[in-house]
There are 2 protein chains.
Amino acid sequence: MSAQVSSARRRPRPEPGDEACDLVHLDPVRVARVRERQIRPAHAVILAETFRLLGDPTRVKLLDALAAEELCVCDLATLVGGSVSAVSHQLRSLRALRLVRTRRDGRMVYYSLDDAHIVSLLHQGRRHVEEVGQAPAGGRRRGGRG
Amino acid sequence: MSAQVSSARRRPRPEPGDEACDLVHLDPVRVARVRERQIRPAHAVILAETFRLLGDPTRVKLLDALAAEELCVCDLATLVGGSVSAVSHQLRSLRALRLVRTRRDGRMVYYSLDDAHIVSLLHQGRRHVEEVGQAPAGGRRRGGRG
DNA sequence: AGGATACTTGAGCGCTCATTCAAATGTCCG
DNA sequence: CGGACATTTGAATGAGCGCTCAAGTATCCT
């Protein structure tokens, strides 16, 4: 672990024949090692897409509320403190990604969760936030367990 | 479970004295029940903020790469396939939220992960994506293992 | 000191996205 | 059928974001 780990880290001048791309100064050993375990680009996109859905306070509240039980749009709107229209729009996105499903009962439409993975992710995140209980930007603490 | 669970669900006409807000048709029992378990709005914002950071392919790749080992900016740029500047901007966001930390070694700046919770979330998500291996929008399958 | 390297930063731009408002759809009741 | 209700949808608007480009900072080597 100390013989030839870094090929660029201590190199005074990069040789001209080295550059295969814009970057002539990278560490090929390290890069190759990471590449083996690296997530596939397509998967990164899908994963980001999934996390992006959770990256909005309204949707977080929506999914969190639905984790308790199924709810109609107007109850959801009340619970998350938004307009019925706004909530409906968000539910549409959630439904498009199959995160929630609907059930009609007369005029009412009841929403419920449809993806156990998301619920797991959400709850894990919620647990973390409630543990630290700090604002993330500027004032966040690591290991704020006590 | 069938006595008086729903006050609005089967009510023909809402009485005029009922409306305390814009919504005159909600189910107070259900709403109250969910409210007890509901995430606090401030926590929802923090949680969304956290997930939002993970809601970008470049940042997902960045964090995923750093989960393997510490890396300098130019290696990261190579691994995620972006410009050094773009990567540096993203790392700035990540650093602001204390998701990554830096270590200087001469001219190089090495980044590494600084939040175990995020890593856990990321890996959990990655595992899920690699299990289903399907695009989320339009063609997603649940339990698409076979 | 001077030049090269590794990274950061600020401005600007195009794009996405969450919300609002207004209108439409579908359902129940008389 | 006609009115009230629950929800959906489309257009418009405004804010935020990620990228590029160009300059700036910090470090190393001679």
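- Distance from the side chain of B:Arg107 is smallest for D:dT27 among the nucleotides D:dT7, D:dT27, D:dT20.
- Side-chain N or O atoms of B:Arg126 include none that pairs as donor or acceptor with a backbone N or O of A:Ala44 at under 3.5 Å.
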Distance-only criterion, 3.5 Å: show the donor-acceptor pairs between side-chain atoms of residues 118-125 of chain A and protein atoms not counting sequence neighbours.
residue  : atom : partner  : partner atom : Å
A:Ser120 : OG   : B:Gln124 : NE2          : 2.5
A:Gln124 : NE2  : B:Ser120 : OG           : 2.5

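- C:dC7 atom P lies 8 Å from atom OH of B:Tyr110, rounded to whole Å.
- Annotation: side chain of A:Glu130 is not in contact with side chain of B:Arg40 (no heavy-atom distance under 4.5 Å).
- Of the possible polar contacts, one joining the A:Asp64 side chain to the B:Ile39 backbone as a donor-acceptor pair under 3.5 Å is found.
- Residue B:Leu26 contributes atom CG, which lies 15 Å from atom C1' of D:dT7 at whole-angstrom precision.
- The CG atom of A:Leu54 sits 16 Å away from the C1' atom of C:dA18 (whole-angstrom rounding).
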Listed pairs, N/O of protein and of nucleotides 14-18 of chain D, under 3.5 Å:
residue : atom : partner : partner atom : Å
D:dC17  : OP1  : B:Arg52 : NH1          : 3.2
D:dC17  : OP1  : B:Arg52 : NH2          : 3.3
D:dG18  : OP1  : B:Arg59 : NH1          : 2.7
D:dG18  : OP1  : B:Arg59 : NH2          : 2.6
D:dG18  : OP2  : B:Arg59 : NH1          : 3.3

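- No donor-acceptor pair closer than 3.5 Å links the side chain of B:Asp75 to the backbone N or O of A:Val31.
- Remark: A:His117 pairs with B:His128 by the ring pair (Phe, Tyr, Trp, His ring centres under 6.0 Å) rule, at least two apart or across chains.
- Checked against side chain to side chain contact (heavy atoms under 4.5 Å, CB included), B:Arg37 has the following partners two or more places apart in sequence or in another chain: A:Ala68.
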In residues 53-63 of chain B, what donor-acceptor pairs under 3.5 Å come from side-chain atoms, sequence neighbours left out?
residue : atom : partner : partner atom : Å
B:Asp56 : OD2  : B:Thr58 : N            : 3.1
B:Asp56 : OD2  : B:Arg59 : N            : 3.2
B:Asp56 : OD2  : B:Gln90 : NE2          : 3.4
B:Arg59 : NE   : B:Leu53 : O            : 2.6
B:Arg59 : NH1  : B:Gln90 : OE1          : 2.9
B:Arg59 : NH2  : B:Arg52 : O            : 3.3

For nucleotides 8-10 of chain D, which of its nitrogen or oxygen atoms have a protein nitrogen or oxygen under 3.5 Å away, and what is each distance?
residue : atom : partner  : partner atom : Å
D:dT8   : OP1  : A:Tyr111 : OH           : 2.5
D:dT8   : OP2  : A:Ser88  : OG           : 2.8
D:dT9   : OP2  : A:Arg92  : NH1          : 2.8
D:dT9   : O4   : A:Ser85  : OG           : 2.8
D:dG10  : O6   : A:His89  : NE2          : 2.9

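- Taking atom CG on A:Leu94 and atom P on C:dC17, their separation rounds to 14 Å, with Å as the unit.
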Margin query: Walk me through whether B:Leu97 and B:Thr50 qualify under side-chain contact (heavy atoms from CB on, under 4.5 Å).
Written below: CA-CA 8 Å; B:Leu97 274 288; B:Thr50 305; 5.8 Å; no

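- Here C:dC17 presents its C1' atom at 14 Å from CG of A:Leu97, a figure rounded to the nearest Å.
- Spacing between atom CG of B:Leu76 and atom P of C:dC7 amounts to 9 Å, rounded to whole angstrom units.
- C:dA6 atom C1' lies 15 Å from atom CD of B:Glu70, rounded to whole Å.
- In this structure, A:Leu62 places its CG atom 13 Å from C1' of C:dA18, rounding to the nearest Å.
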